[in-house]
Amino acid sequence: MRLPPLRRAAADRLVFGVCAGIARGLGASVLLVRLACAAILVITGGVGVIAYGALGLLMPAEPGPVVPWTERSVPTLVLLVALGAVMYAFGLQVVTPPLGVLIPVALLTAGVALVWREVMSAGEAEGRPRTAELLRVGAGLALLVGGAISFLTDSNKLAGLSSALIAAAVVAAGLGLIVGPRLAQARAEAEEERRLRIRADERAEVAARLHDSVLQTLALIQREEDPRRAQSLARRQERELRGWLYRGEAPGEAATLAGALATATAEVEEHYGVEVDLVQPSDGALDEGLAALAAAAREAMVNAGRHAGAEKISVVARVADDEASVFVRDSGRGFDPARVDQDRRGLRESIVGRMERAGGRATVVSAPGAGTEVELVLPRVAS
Amino acid sequence: MAYPLRKVVIVDDHEIFRAGLRAGLGPTVQVVGEAGTVEEAVPLVRAEDPDVVLLDVHLPDGGGDAVIAPVHAERPGVRFLALSVSDSPEDVLATIRSGARGYVTKSITAEELVEAIHRVADGDAVFSPWLAGFVLDAFSGSPASAAPAARIDPELDSLTAREHEVLLLIARGYTYKEIAARLHLSVKTIETHVSSVLRKLQLTNRNELTRWAAQRRMI
């Protein structure tokens with residue numbers, strides 16, 4: 001599980017909103033966190049104050065209106081005075097590190113905080129002048145170096161091992177923060193380069209595909225004497241190219257209803273020399289139900305191509321969340337659905353039966369001389 | 001049917017296509033001018049003042065809307081019929097929303113095209129099965145997803161049951177006459193429904209329209 005990023009609370013802040021922010025981040029009670037924080041401040045003395053200040057600088061503020069100072073000044077001041085008194089009474093003489101350690105640590109912390117803010121905001125502020133950015137990083141660096149130097153000059157007198165470790169860690173972290181953004185930028189550049197290479201590869205693949213399909217077909221068409229055959233070649237190529245361009249399908253495999261219908265349409269056009277006008281505003285991934293729908297629609301197109309004697313078959317396919325439907329219509333010679341031979345498997349088995357097995361229905365509307373329309377409707381369960 | 005003679009300007013950048021079109025338009029349509037670019041088309045339409053402009057939705061120097069925009073207000077009598085083979089739905093949508101009275105694909109038969117020209121010249125609207133399917137799809141679902149800043153107008157942003165029915169039949173390949181017969185209405189009533197849908201298509205704030213157009217391809 002990933003904890004949400006720590007942000008300084010806006011609504012219930014007392015000083016910087018650090019405690020409330022941490023409490024929210026950890027899902028703990030604000031009062032508990034504040035008590036713990038106060039205890040740490042009392043025990044560690046000045047170091048705790050620096051840490052609190054650093055957190056105040058490091059944690060980004062939560063968006064939203066901040067409680068105005070006038071509303072919280074009384075409790076905050078009371079709290080701070082009480083805390084100061086307690087620190088003075090108990091902790092100060094006991095654990096507070098000497099001033100010689102406190103000052104360098106404070107400098108180092110402020111330096112790190114400045115650099116860190118710069119890093120955090122670099123991504124958001126694109127058009128900011130570069131000099132301001134450099135100035136800030138420079139100031140952060142100066143603070144870091146100053147802290148380190150003043151620490152070193154004092155440390156031979158007051159070499160506390162723990163203070164030395166803290167200072168070293170702080171310097172290391174500061175350096176990391178300065179180098180970090182450069183590394184991030186380098187990674188972004190590498191990513192960009194990779195994207196460009198992928199694009200080049202894609203382009204090469206497109207060129208290869210066009211050569212193998214479209215250019216070959218164009219060459220064939222130029223040599224083709226029979227206009228009907230040339231037309232059918234062109235149409236088939238067009239569908240194949242569309243399928244590949246817009247639905248990412250290689251020929252022969254359909255991933256969506258539109259792909260399956262386009263394939264069926266091309267086959268019917270080729271076999272029966274009839275034009276099929278496919279209208280499909282919406283599409284869906286080819287699951288079991290839609291595959292059955294596509295197969296039934298194909299059969300309806302085949303029937304129309306074989307029996308209707310029409311020049312054109314109109315097919316419209318719609319996919320909604322709750323229902324998918326295909327209408328196959330021709331204005332050919334039509335027939336009387338009540339008088340279809342029982343052995344005409346196409347209609348009874350491949351269309352009506354198939355749709356019923358898939359949980360849908362098929363309706364055939366036709367009359368001699370008035371064309372035929374097959375309506376295929378498949379209810380869908382929201383997935 | 002007896003049609004009056006209509007003056008037509010063809011705007012398409014493919015000369016061979018223009019020639020083929022001209023040859024198939026028959027005696028009731030007189031082609032008074034041809035243009036291949038937006039730059040040529042605008043002065044030509046102003047000069048000839050045709051009844052109908054057959055307009056490719058994508059030209060070398062701009063979309064079909066670039067031809068309509070400068071002429072539409074000053075020549076309200078000039079009707080535009082968008083004509084395309086496989087342009088992006090964005091272009092088709094932009095052309096229609098800037099004032100075209102209809103959209104047909106180039107696979108339309110000459111006979112159907114002549115009928116469409118006369119229908120558009122009479123001020124009615126013409127939807128290809130594809131456009132009808134497109135509009136049905138774009139207008140389905142609740143209009144709640146329109147742009148937050150835009151006001152939802154229930155009258156403009158949804159189709160009536162009858163309009164839905166008519167569009168679905170157009171998408172299914174029915175002619176106006178067949179639709180009229182099937183719904184027991186007059187052809188005039190069907191034309192009124194389609195014109196009303198065209199108006200909604202031109203004025204609606206539904207942002208499904210543009211999203212739809214951006215995602216899908218029109219044949």
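Per chain, numbering begins at 1; letters A, B, ... match sequence-line order.
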Taking all heavy atoms of [X] and all of [Y], pick out the closest pair and write down the distance.
X      : Y      : answer
A:V279 : B:G133 : CG1-CA, 4.4 Å
A:S314 : B:G173 : OG-CA, 3.7 Å
B:A171 : A:V316 : O-CB, 3.5 Å
A:L278 : B:W130 : O-NE1, 3.2 Å

(request) Using side chain to side chain contact (heavy atoms under 4.5 Å, CB included) as the criterion, list what pairs up with A:Q231, not counting sequence neighbours. (result) A:R235

Residue [X] excluded, over 12 heavy atoms near [atom1] under 6.0 Å:
X      : atom1 : answer
A:R357 : CZ    : yes
A:E192 : CD    : yes
B:L5   : CG    : yes

(request) Please tell me if the side chains of A:E311 and B:T109 come closer than 4.5 Å, counting only heavy atoms from C-beta onward. (result) no

(message) Can you tell me how far apart CZ (A:R329) and CG (B:L169) are? Round to the nearest 0.5 Å.
(response) 8.5 Å

(request) Could you tell me which of A:E275, A:E375, A:K312 has the largest number of non-hydrogen atom pairs under 4.5 Å with chain B? (result) A:E375

